[in-house]
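Just below is one structure, and these are the notes that go with it.
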2 protein chains.
Amino acid sequence: MTQCQTLIQALRQNGYRITPQREMVIEALAHASHHITAEEVYERVRARSRAVNRATVYRTLDVLIGQGLASRVNLGGAVVVYATRQHGSHIHLVCRQCLQWIEADPELLASLGLQLQNHYRFAVDFQHLCLPGLCQSCQSTQGAEES
Amino acid sequence: MTQCQTLIQALRQNGYRITPQREMVIEALAHASHHITAEEVYERVRARSRAVNRATVYRTLDVLIGQGLASRVNLGGAVVVYATRQHGSHIHLVCRQCLQWIEADPELLASLGLQLQNHYRFAVDFQHLCLPGLCQSCQSTQGAEES
DNA sequence: CTCCTTGCAAAGCCTTTGCACGCTG
DNA sequence: CAGCGTGCAAAGGCTTTGCAAGGAG
């Protein structure tokens, strides 16, 4: 709840107008336990009001991202998900085979982040990181399906 | 050269037929210094023969990926690139702002890989990893453009 | 000779855009 | 009120698909 208000305030303070549509998009995004796709945001918003268009969802998500309030990540393939920045930093271990993912402890990346910063002056976006690979169950089936 | 032959042999042994089109796609991919987009593969192949269709390029790339001979990676945004597995493991530090990327030393990820394997039984795909973030120059402009 | 592959063109998918109306501030 | 934000519908870019003809093995 408060999370939504924070986002709304941030938008308002940056000169954006708060419309019912934007509120609903923000709420859908903030209430999502994890990341959701644009389509899922649309569905959730649509469940509350038919007076929202897909284009508006995309436009609102773009605004949030532009303001650094949300992030967009491509979980391999064509799967694009969104999340508010307030979900905190986290790592996704995305299985390239079953497309499921595990959340990993962000702490594991701390030292890597420092090294990359020192060596390459590159600031990895730890807010929303996604590492492709193979999950445990797919590692087993991997060999078997090579027929 | 030999790299192409290896790929071709692998396909042949898995029951795929080797056509001039597939050879050309494989050569274009294998000779690419880094990763290339599907469109670039198409252009390179097209430069050698007009008798190749975009659909064939996509289909061949899919076959290669299905066989684990190539990988597809989304460098943020709509940029999708391909590379043969034989290019060895490497990390891309992709700037989410200017979309340019730096190659980082894969060794930096070695310990992280082990930890993720131990903690989560997840095998990160180090063959072709891509970390989003901000490059040095965009880190400077970042603060300035927040108007 | 079989049937895997291809080219062609069209469809698909997700996302973006142009425009006039409507609502926020 | 001024002008940003919206819905609608159409376009857009990239990728996939159906089908008949063609070529690999």
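Note that this is a predicted model, so its numbers are computed, not measured. Chain letters run A, B, ... following the sequence lines, proteins first and then strands; every chain starts at 1.
Taking atom CZ of B/R12 as the reference point, atom P of C/dC4 lies 17 Å away to the nearest angstrom. Atom CG in B/N14 sits about 16 Å away from atom C1' in D/dG25, given to the nearest Å. Rounded to an integer number of Å, the gap from B/R72 CZ to D/dC14 C1' is 12 Å. Rounding to whole angstrom units, OH of residue A/Y58 and P of C/dG18 are separated by 18 Å. Regarding B/L61, its CG atom lies at a distance of 15 Å from the P atom of D/dT17, rounded to whole Å. In this structure, the CG atom of B/D62 is 10 Å from the P atom of D/dT15, given to the nearest Å. Taking atom CD1 on A/I8 and atom P on C/dG25, their separation rounds to 10 Å, with Å as the unit. Across the protein-nucleic acid pair, B/L64 atom CG and C/dT5 atom P stand 12 Å apart, rounded to whole Å.
Taking 4.0 Å as the cut-off between side-chain N and carboxylate O, A/D125 and A/R72 do not count as a salt-bridged pair.
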Exercise. With the sugar-phosphate defined as primed atoms, P, OP1 and OP2, and the base as all remaining atoms, what B/S/- string results for nucleotides 1-11 of chain D, 5' to 3', for protein heavy atoms under 4.0 Å?
Worked result: -BBBSBBB---

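Here the side chains of A/H92 and A/V73 are not in contact, with every heavy-atom distance at 4.5 Å or above. Side-chain contact between A/L11 and A/I26 is present, with at least one heavy-atom pair separated by less than 4.5 Å.
B/I36 and B/A28 get closest at one heavy-atom pair: CD1-O, 3.7 Å.
A side-chain hydrogen bond (donor to acceptor under 3.5 Å, both in side chains) with A/E27 is found for one member of A/R44, A/Q3, A/R48 and no other, namely A/R48.
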Just list the side-chain donor-acceptor pairs under 3.5 Å for residues 108-122 of chain A, sequence neighbours left out, or say none.
| from | atom 1 | to | atom 2 | distance (Å) |
| --- | --- | --- | --- | --- |
| A/N118 | ND2 | A/L114 | O | 3.3 |
| A/Y120 | OH | B/D105 | N | 2.8 |

